[in-house]
Amino acid sequence: MRPVTIAASVAALLLRSLRGARRVALSTFYTGYRKSVLAADELIEAIEIDLPPEGSAFVWRKVGTPQAQAISKVALAGLAVVESGRAKRLGLGRPIAEITDADVERAVLADVSPIDDIPATAAYRRHVAVRLVQRFLEELQSR
């Protein structure tokens with residue numbers, strides 16, 4: 001079995017309650033910090049994952065205190081399905097060689113909304129998130 005980062009994959013959750021079942025895309029399940037669309041009477045019955053094609057690039061990075069049980073300041077689960085030199089699921093859909101750091105920064109900042117708390121500020125988390133994705137893109141470009 002190939003390792004897959006579920007959060008970066010195309011995935012859905014099957015939720016069930018006495019009222020019935022519903023299918024929710026993982027990308028819309030979480031609505032904020034410690035918040036989701038899960039109703040009080042629902043359980044997660046199944047997780048459905050579309051496995052990426054063989055050879056797809058994925059990355060998992062955790063930034064924070066190096067203790068195993070420490071909460072991350074920033075975490076990245078990244079998946080890039082590359083076909084004919086184009087990143088199909090990187091969110092930019094252009095040839096990888098043409099994607100710039102500025103493109104990555106715009107895309108990441110449009111997609112993340114971190115919080116300020118004791119471990120880190122929102123500004124720090126935005127900066128690190130951008131840099132983690134830029135490094136992932138650099139790895140893809142050097143393949």
Side-chain angles (χ1 to χ4, degrees), residues 1-65 67-117 119-120 122-143:
M1 180 171 187
R2 293 181 284 137
V4 175
T5 304
I6 294 173
S9 299
V10 177
L13 302 172
L14 181 60
L15 308 178
R16 184 168 300 278
S17 71
L18 292 175
R19 294 175 283 120
R22 65 184 176 124
R23 189 173 185 270
V24 176
L26 182 61
S27 61
T28 62
F29 180 75
Y30 293 102
T31 59
Y33 178 66
R34 303 179 98 180
K35 295 181 182 172
S36 72
V37 299
L38 188 68
D41 64 339
E42 287 181 311
L43 296 173
I44 298 173
E45 180 177 45
I47 301 171
E48 302 167 345
I49 304 167
D50 290 342
L51 294 177
E54 191 71 38
S56 296
F58 63 92
V59 65
W60 169 253
R61 299 286 185 265
K62 172 186 174 179
V63 175
T65 308
Q67 300 166 349
Q69 298 299 317
I71 295 172
S72 301
K73 293 176 184 174
V74 179
L76 168 69
L79 170 67
V81 175
V82 181
E83 296 172 1
S84 303
R86 297 180 86 82
K88 296 295 186 183
R89 287 193 206 159
L90 191 61
L92 299 169
R94 297 198 340 247
I96 293 171
E98 294 178 11
I99 299 172
T100 66
D101 282 349
D103 295 330
V104 169
E105 183 173 6
R106 276 190 299 279
V108 171
L109 294 179
D111 198 43
V112 300
S113 49
I115 62 168
D116 280 311
D117 63 6
Y124 171 81
R125 288 183 165 113
R126 279 190 293 273
H127 172 78
V128 172
V130 167
R131 191 62 193 120
L132 288 173
V133 178
Q134 287 171 337
R135 283 187 182 168
F136 183 38
L137 178 64
E138 289 167 7
E139 291 172 20
L140 291 171
Q141 290 172 333
S142 68
R143 286 176 137 206

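For this chain, numbers begin at 1 and follow the sequence in order.
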Discussion item. Please determine whether side-chain contact (heavy atoms from CB on, under 4.5 Å) holds for the pair L43 and L15, giving the CA-CA distance in whole Å, both sets of side-chain angles, and the decisive distance to 0.1 Å.
Written reply: CA-CA 6 Å; L43 296 173; L15 308 178; over 6 Å; no
Worksheet, complete the sentence: Here the pair of heavy atoms bringing S36 nearest to T31 is N-OG1, 3.6 Å
Practice prompt. Could you pull out the closest heavy-atom pair between V130 and V104, with the gap in Å?
Written response: O-CG1, 4.1 Å
Worksheet item: Looking at K73 and P119, what are the two nearest heavy atoms and their distance?
Response: CE-O, 3.3 Å
Item to complete: Indicate yes or no for a side-chain donor-acceptor contact from Q141 to the backbone of I96 under 3.5 Å, with no hydrogens or angles considered.
Response: yes
Discussion item. Between R23 (side chain only) and A12 (backbone N and O only), is there a donor and an acceptor less than 3.5 Å apart?
Written reply: no
Worksheet item: Between L76 and V74, does a side-chain contact (heavy atoms from CB on, under 4.5 Å) hold up when you go through it step by step?
Response: CA-CA 7 Å; L76 168 69; V74 179; 5.8 Å; no
Worksheet entry | Heavy-atom neighbours of I71 CD1 exceed 12 at 6.0 Å | no
Item to complete: Keeping the roles fixed (side chain from E42, backbone from A39), state whether a donor-acceptor pair exists under 3.5 Å.
Response: yes
Worksheet item: Considering all heavy atoms of both residues, which atom of V37 and which atom of R22 are nearest to each other, and what is their separation?
Response: O-NH2, 2.7 Å
Worksheet item: Quick one: does R125's side chain have a donor or acceptor within less than 3.5 Å of a partner on I115's backbone?
Response: yes
Worksheet item: Which atoms form the tightest heavy-atom contact between L79 and F136, and what is the distance?
Response: N-CE2, 3.9 Å
Worksheet item: Which atom names give the shortest non-hydrogen contact between A80 and L140, and what distance separates them?
Response: CB-CD1, 3.6 Å
Worksheet entry | Point-to-point distance, once rounded to the nearest 0.5 Å, from CD of Q134 to OG1 of T100 | 9.0 Å
